[in-house]
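Notes for the one structure printed next.
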Amino acid sequence: MFPKEETISFETKKLMNPKFKVVFTEEAADFLDSLSDKARNKVYFNIDKATFINDPEVFKKLEDDIWEFRTLYQQQAIRLFAFWDKDDKTNTLVISTHGLIKKTQKTPKKEIDKAKQQRVDYFNQKQIKK
């Protein structure tokens, strides 16, 4: 059984290899900046946790190639949408596109579609640079 996140020391974490690196788009960074310090720190804590531990309570597939980082803070459901970039064989990236505070149980389709479009744009831009 894997120990709870709170019991993992920084020294132990340094010995573990994260499964992926998270990169934030400008929109995702702006969303995070709009949160209170405590809420933002909780989101970062959960993102860090997701890089080491497979936990669907923190990082979950929504549909197709779109995932979400999930944080519950003071009864607010904070979500950051993301997708994988596994093109580089040495570094796996998760690109966080944008975020929202959920007001309903169901994730709005337009937000998932927005993340899908940003994924398409990202890979198109990446092809142009090659």
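Clustering ILVMFWY residues whenever any of their side-chain heavy atoms sit less than 4.5 angstrom apart, transitively, puts I112 in the very cluster that holds L100. In this structure, W84 is not a member of the same hydrophobic cluster as L62, with clusters built from ILVMFWY side-chain heavy atoms closer than 4.5 Å. Hydrophobic cluster membership differs between F83 and V120, with clusters built from Ile, Leu, Val, Met, Phe, Trp and Tyr side chains linked at under 4.5 angstrom. Put simply, L93 and I66 are part of the same group of oily side chains (I, L, V, M, F, W, Y) that touch within less than 4.5 Å, one to the next. Criterion: ILVMFWY side-chain heavy atoms under 4.5 Å apart, direct or through other members. Under it, V22 and I95 are not part of a common hydrophobic cluster.
Here E63 pairs with K109 in a salt bridge; the nearest charged N to carboxylate O distance falls below 4.0 Å.
The neighbour count for K21 NZ, taken as heavy atoms of other residues, nucleotides or ligands under 6.0 Å away, does not exceed 12. Heavy atoms of other residues, nucleotides or ligands lying less than 6.0 angstrom from CG of N124 number more than 12.
Taking Ile, Leu, Val, Met, Phe, Trp and Tyr as hydrophobic and joining them when side-chain heavy atoms fall under 4.5 Å apart, one finds V58 isolated, its cluster having no other members.
Under a 3.5 Å cut-off, the side chain of R40 and the backbone N or O of L35 do form a donor-acceptor pair. N41 places a side-chain N or O within 3.5 Å of a backbone atom of D37 that can act as its donor or acceptor partner. Of the possible polar contacts, one joining the K102 side chain to the Q105 backbone as a donor-acceptor pair under 3.5 Å is found. Within the 3.5 Å criterion, the main-chain N or O of T97 finds a donor-acceptor partner in the side chain of T25. Formation of a donor-acceptor pair under 3.5 Å by the K61 side chain with backbone atoms of D64 is found in this model.
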List the atom pairs, with distances to 0.1 Å, where a side-chain N or O of residues 68-76 and a protein N or O form a donor-acceptor pair under 3.5 Å, not counting sequence neighbours.
{"from": "E68", "atom 1": "OE2", "to": "R70", "atom 2": "NH1", "distance (Å)": "3.0"}
{"from": "T71", "atom 1": "OG1", "to": "N46", "atom 2": "ND2", "distance (Å)": "3.1"}

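Annotation: F59 is in aromatic contact with W67 [ring centroid separation under 6.0 Å].
When only modelled atom types and interatomic distance are considered, D121 and Q117 share a side-chain donor-acceptor pair under 3.5 Å.
In this structure, CZ on F81 lies 10.5 Å from CD on E27, to the nearest 0.5 angstrom. Separation of atoms OG1 (T51) and NZ (K19) is listed at 8.5 Å; rounding is to 0.5 Å.
Closest approach of S96 and A28 over heavy atoms only: O-CB, 3.4 Å.
At least one side-chain heavy atom of I101 sits less than 4.5 Å from a side-chain heavy atom of F31. Taking 4.5 Å as the limit, some side-chain heavy atom of Y122 sits within range of a side-chain heavy atom of D85. By the 4.5 Å heavy-atom criterion applied to side chains, H98 and L80 are not counted as neighbours.
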Between K106 and E111, is the salt bridge (Lys or Arg N to Asp or Glu O under 4.0 Å) condition met? List the steps. CA-CA 11 Å; K106 191 164 173 68; E111 299 298 336; over 6 Å; no
